[in-house]
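Right, one structure below, let's go through it.
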Amino acid sequence: MTAMVKKVLTWGSIAFLIFFVAYRPQSAAEVFKSIGGGIMDIAVGFGDFFSSLVA
């Protein structure tokens, strides 16, 4: 039962992603740019932390 729910949610997410990119490409690009920026900020924070820790 759990595997079926996971499969349905996964395919639903993929379908939504394709729909979002196809019908709103500018908005999709902004969302992915924002997510990428957030990931980069986290990576820089970890890098600064470990640099401070070692230095």
Side-chain angles (χ1 to χ4, degrees):
M1 181 71 175
T2 305
M4 182 61 144
V5 171
K6 184 177 177 183
K7 189 179 235 183
V8 168
L9 289 176
T10 300
W11 282 108
S13 298
I14 291 170
F16 176 74
L17 180 64
I18 291 170
F19 175 80
F20 188 56
V21 170
Y23 287 99
R24 299 242 179 199
Q26 194 70 11
S27 297
E30 289 297 321
V31 167
F32 283 108
K33 187 189 290 187
S34 175
I35 291 170
I39 291 171
M40 284 301 297
D41 289 342
I42 292 170
V44 168
F46 274 111
D48 290 346
F49 169 73
F50 286 115
S51 293
S52 309
L53 195 63
V54 173

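Reckoned from all heavy atoms, side chains included, excluding hydrogens, waters and symmetry mates. All figures in this text were calculated on a predicted structure; none of them were measured in a lab.
- Under a cut-off of 6.0 angstrom, the local environment of CZ in Phe19 is sparse, with at most 12 non-hydrogen atoms contributed by other residues, nucleotides or ligands.
- Taken together through direct or relayed side-chain contacts under 4.5 Å among Ile, Leu, Val, Met, Phe, Trp and Tyr, Trp11 and Ile18 form part of one hydrophobic cluster.
- The CD1 atom of Ile42 sits 11.0 Å away from atom CE of Met40, with the distance rounded to the nearest 0.5 Å.
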All N/O donor-acceptor pairs, side-chain side in residues 44-55, below 3.5 Å, sequence neighbours left out:
| unit_1 | atom_1 | unit_2 | atom_2 | d |
| --- | --- | --- | --- | --- |
| Ser51 | OG | Gly47 | O | 2.9 |
| Ser52 | OG | Asp48 | O | 2.8 |

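- Grouping the Ile, Leu, Val, Met, Phe, Trp and Tyr side chains by contacts below 4.5 angstrom, directly or via other members, places Leu17 apart from Ile35.
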Which donor-acceptor pairs under 3.5 Å do the side chains of residues 24-31 make with protein atoms, sequence neighbours left out?
none

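- The OG atom of Ser34 sits 10.0 Å away from atom CD1 of Ile39, with the distance rounded to the nearest 0.5 Å.
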